[in-house]
> 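Here it is, the structure in full.
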Amino acid sequence: MTKARLFSGMQPSADSLQIGNYIGALMQWRDMQSEFDAFFSVVDLHAITVAQDPAELRAKTRRTAAQYIAAGIEPEKSTLFVQSQVPAHAELAWILSSITGFGEAGRMTQFKDKSQRYGADQTTVALFTYPVLMAADILLYQTKAVPVGDDQKQHVELTRNLAERFNSRFGETFTVPDPVIPGETARIYDLQDPSSKMSKSAESQAGVLYLLDDVAVTAKKVMRAVTDSEGVVRYDRAEKPGVSNLMSIYGALTGSALSAVEDEFAGRGYGDFKKAVRDAIVAEFEPVRARTLELLDDPAELDRLLAVNAARAAEVAEETLSAVYERIGLLRAPRA
Ligand code: TRP
């Protein structure tokens, strides 16, 4: 039986991924890559919807890809590629923009939030059409499953609508994808401000754990995480957001249910608990960091690997794009 397709991606917008990306995305991707025919992309074309420094963008693209591999995405099993190396993404995005309503795109809450924050002069047209490019990413591969965070659910919903619209107007062409949203405990919050999702753009970096940080820095941040005065390791998101967040992290990294974590630390203080969380994180991050740095040490080899994967992706993508061009009535050049 052929495996169902899976597509997901991350923007190369940081030097290092943080533990929220690791637990909320990479660990799920790693677990799903056997069951699915998986495509994972470093979506650099999405990153340029806001201004990027050229040299940094290139470096971050390599770093992001290296972290995917170091975290266990296998480039022989899954297809791990850089979005801009497969021209079909930009090409299909243009076609899809021709069946997307202006109002429909304008209802995307992420665009509304970001454009309000940036102001009209800093908001690019590409930021507006970003969800259409994301739809192209997904639809090119006849994707069934799209693991994404909650914040991307509306974009997958738009993708479904575009696929259905295209299919009914021009004939069955696209698979209609489903979002796969990880559970609440895969959502990681800031260690200093556990009511906010952990984010690299947080004002203070004291509550953000980076995969590539020196482990001593990470260890210190964990030991300083905010808790509460109850002194009991118990999961309660509303009343005990700090402790609950550390429990989610510990549970995810050790593969234990929250109830097992509660049992393990029953009658023990927060000091003990934090040390265990720290040790689990350090044990998880150390090899990932070492492997990432090793991969980055040989950029030529990494680039070669990515190119091979992009060629594999292009083969699938071109087939879909060709069908699309045909269906909508573009005059195709005869084969030479
Ligand atoms: N927009 C996604 C994010 O910022 C990244 C992304 C781009 C993506 N294309 C995708 C995710 C396709 C899933 C599928 O998180």
Side-chain angles (χ1 to χ4, degrees), residues 4-14 17-18 20-30 32-33 36-50 52 57 60-61 64-65 67-68 73 78-93 96-97 100 105 108-115 117 124 126-163 174-182 186-188 197-201 310 313 316-317 320:
R5 288 265 163 71
L6 176 151
F7 188 99
S8 199
M10 250 187 247
Q11 296 188 38
S13 51
L17 298 178
Q18 38 98 348
N21 309 124
Y22 186 78
I23 291 174
L26 288 177
M27 283 179 70
Q28 329 268 339
W29 296 1
R30 179 174 69 201
M32 293 175 92
Q33 69 181 333
F36 290 88
D37 180 14
F39 288 71
F40 299 113
S41 189
V42 179
V43 292
D44 53 349
L45 296 176
H46 278 102
I48 61 166
T49 56
V50 296
Q52 299 288 344
L57 177 61
K60 287 173 178 173
T61 300
T64 304
Q67 287 171 89
Y68 284 11
I73 304 301
S78 300
T79 303
L80 192 179
F81 70 103
V82 175
Q83 185 188 33
S84 65
Q85 290 184 12
V86 180
H89 290 252
E91 294 176 272
L92 182 62
L96 292 177
S97 73
T100 309
M108 295 297 115
T109 57
Q110 188 170 67
F111 173 75
K112 288 197 279 189
D113 291 349
K114 285 192 179 174
S115 57
R117 238 182 308 133
T124 62
L127 189 70
F128 185 66
T129 55
Y130 172 121
V132 179
L133 177 61
M134 181 163 160
D137 296 343
I138 296 167
L139 298 180
L140 276 174
Y141 299 93
Q142 305 297 344
T143 302
K144 193 64 210 157
V146 187
V148 282
D150 240 344
D151 62 326
Q152 299 297 315
K153 208 174 152 192
Q154 195 187 24
H155 294 160
V156 180
E157 199 51 49
L158 174 73
T159 303
R160 290 173 56 87
N161 291 335
L162 294 179
F174 295 124
T175 301
V176 179
D178 293 314
V180 179
I181 313 282
R187 194 186 243 275
I188 306 304
K197 203 173 131 180
M198 190 184 287
S199 158
K200 67 175 190 320
S201 35
V316 178
T320 302

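Each residue takes its place number in the sequence, starting with 1. Both ligands and their constituent atoms are indexed starting at 1 by order of listing. The analysis underlying the following values was restricted to heavy atoms, covering all of them including side chains, and did not include hydrogens, waters or symmetry mates.
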> Kindly assign one of parallel, tilted or perpendicular to the pair Phe39 and Phe81, based on the angle between their ring planes and the thresholds 30° and 60°.
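Plane angle over 60°, so perpendicular.
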> Please determine whether side-chain contact (heavy atoms from CB on, under 4.5 Å) holds for the pair Met134 and Phe7, giving the CA-CA distance in whole Å, both sets of side-chain angles, and the decisive distance to 0.1 Å.
CA-CA 10 Å; Met134 181 163 160; Phe7 188 99; over 6 Å; no
> Looking at residues at least two apart in the chain, or sitting in another chain, which of them share a salt bridge (Lys or Arg N to Asp or Glu O under 4.0 Å) with Lys114?
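Partners of Lys114 under the salt bridge (Lys or Arg N to Asp or Glu O under 4.0 Å) test: none.
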> Rounded to the nearest 0.5 Å, what separation is found between the NE2 atom of His155 and the CD atom of Gln110?
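These two atoms lie 4.5 Å from each other.
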> Applying salt bridge (Lys or Arg N to Asp or Glu O under 4.0 Å), can you list everything that pairs with Asp37, at least two apart in sequence or on another chain?
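By the salt bridge (Lys or Arg N to Asp or Glu O under 4.0 Å) rule, Asp37 matches Arg5.
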> For ligand 1, what are the residues with a heavy-atom contact below 4.0 Å?
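Within 4.0 Å of ligand 1, the protein residues are Phe7, Ser8, Gly9, Gln11, Val43, His46, Tyr130, Met134, Asp137, Ile138, Val146, Val148, Gln152.
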> Please enumerate all residues that pass side chain to side chain donor-acceptor pair (under 3.5 Å) together with Tyr68, with sequence neighbours excluded.
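In terms of side chain to side chain donor-acceptor pair (under 3.5 Å), with neighbours along the sequence ignored, Tyr68 is linked to no residue.
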